[in-house]
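Have a look at the structure below before the remarks.
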Amino acid sequence: METLKRTKIKALLSEKPGIEVLAKGWVRTKRGNKQVKFIALNDGSTIANIQIVANTELFDEELFKKITTGASLAVRGKLVESMGSGQAVEIQATDIQVLGECDPMRFPLQKKDTTLEYLRSVAHMRLRTNTFGAVLRIRNQMAFAIHTFFNQKGFVYLHTPLITESDAEGAGDMFQVTTLDLKNIPLDKKGNVDFSKDFFGKKTSLTVSGQLEGELGATAVGEIYTFGPTFRAENSNTPRHLAEFWMIEPEMAFYDINDNMELAEEFVKFLVQWALDHCMEDLKFLNDKYDEGLIERMQSVLGIPFQRVTYTEAVEILEKAVADGVKFEYPVHWGTDFQSEHERYLVEKHFCKPVILIDFPKDIKAFYMKQNEDGRTVRGMDVLFPKIGEIIGGSEREASLEKLEARIEELGMSRKNLEWYIDTRRYGSVPHSGFGLGFERLLLFVTGMANIRDVIPFPRTPKNAEF
Ligand code: ATP
Ligand code: MN
């Protein structure tokens, strides 16, 4: 059997009948009668299965007992035109080897109707389902699209550290990294933890953003992007937050907020178009199974320019909505951070298209954002999407050394760990901008999945780090 080279099922399905082939994969279903068995085989190269037709006279009866859902097979045979509907070709088997049996009584993917919630409890096996096959292939395409987009524009892929001593967002929700013995923590004379005894000789954590280091790259080679894991120990059990997620953070020298908005819009449109161009089979499956509006919603963001609106204007719209009887769970007035319900109202009910919010109150945004003339707003920028809410957060950065220092002072931040960052404003400071796209938020949009736990292979959320 091994003298013939294996062909992946995706390729087999578009081959012309008549050739001798070798397929390998996992059994999805088996049916048939005394004379003939039909086996649906899948190898993950495509959502479609190839049908194996096995004439029972050619095989030992015992063989078919081992061909159960989940078992792995190598099948050799002739590719023939299929009589059945649903596929152009099938394999008329001449040789079948069971590579690995699969006990039908114990295999976790037995039940016909497996809910997404149940599948999360068997996340190590759920990748074998059609749903997660589709999600994984789309995830892969999106990662490739991201690199393609930036590569075409001449951006440099910058690898920023995962272990850091800075808290970019000032939010404080970080996972500490330590090799100290937690049962015997060294203390200094004042009774505080003596981090000089720790691995790095200082207190360190997992990064919540690569942006600050990204700015060092942008002010050296012009345009960079990061694409890596990001960690936030926020205890928010929402369908849009993970403790470990992937973020894409472009950072560009000589870009103002308008250049930044233009790039963000072009970027997400490119990614959505890429998914439509490269993942249609999987999209159709997800559209039919989970979200009837998926493909239409994806197409709807492409043709039109996103709505640009200031935070202050958005507050007025939301306040008017409340006055007209719209009910929100959280109150909204100038100075509050919008909740997902407010963002979705703006996108889905008011403007009916993606929205780019700018000019936020400085008190709800990070210290590094460029301060506006009015003294109370900063040049932040959030991109809001239907069904998701915030998908991108970014800003023009404060380029003035004096203003940046004043803001750090005003917020009472410790400068000790920030001098290296402030150096970008000391030596050849330039106007610059950037943003962060949550990779899994993007995937929510292009898969139609409702819960962020279902667009990453192994989700990490509060009280959950299995597999
Ligand atoms: P949110 O208000 O939704 O919590 P944020 O303001 O904390 O978002 P940023 O700090 O601006 O988000 O991060 C940039 C992007 O990273 C967000 O627009 C979002 O797409 C994504 N993101 C942020 N936090 C998470 C998380 N916990 N899990 C997944 N993606 C996230
Ligand atoms: Mn957040």
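Every number for a ligand or one of its atoms is a count from 1 in the order of the listing.
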>> Does ligand 1 come near enough to L437 that some N or O of the ligand is less than 3.5 Å from an N or O of the residue?
In response: no
> So E215 and Y368, side chain to side chain donor-acceptor pair (under 3.5 Å) or not? Walk me through it.
Replying inline: CA-CA 11 Å; E215 290 184 47; Y368 49 69; over 6 Å; no
>> Please state which option from E234, R441, R232 has its nearest heavy atom closest to atom 27 (N) of ligand 1.
In response: E234
> Is the closest side-chain heavy-atom distance between L109 and L119 below 4.5 Å?
Replying inline: yes
>> So if I count the atoms of ligand 1 from 1 in the order they appear, which ones are less than 4.0 Å from some heavy atom of M247?
In response: 13 (O), 14 (C), 15 (C), 16 (O)
>> Give the atom numbers and elements of ligand 1 that come within less than 4.0 Å of a heavy atom of I452.
In response: 29 (C)
>> Show me which atoms of ligand 1 lie under 4.0 Å from any heavy atom of G393.
In response: 11 (O), 18 (O)
>> With a 4.0 Å cut-off on N to O distance, would you call R415 and E405 a salt bridge?
In response: yes
> In terms of atom number and element, which parts of ligand 1 are under 4.0 angstrom from non-hydrogen atoms of R240?
Replying inline: 28 (N), 29 (C)
> Are D256 and R379 within salt-bridge range, i.e. N to O under 4.0 Å?
Replying inline: no
>> Measuring centre to centre across the rings, with the benzene-like ring taken for any Trp, is F150 within less than 6.0 Å of F267?
In response: yes
> Could R407 and D363 be called an ion pair, given the rule that one side-chain N must be under 4.0 Å from one carboxylate O?
Replying inline: yes
> Less than 4.0 Å between a side-chain N and a carboxylate O, is that true for D324 and K320?
Replying inline: yes
>> Against ligand 1, does E390 come closer than 4.0 Å with any heavy atom?
In response: yes
>> Give the atom numbers and elements of ligand 1 that come within less than 4.0 Å of a heavy atom of G438.
In response: 15 (C), 16 (O), 20 (O), 21 (C)
> Near I392, which atoms of ligand 1 are under 4.0 Å from a heavy atom of that residue?
Replying inline: 18 (O)
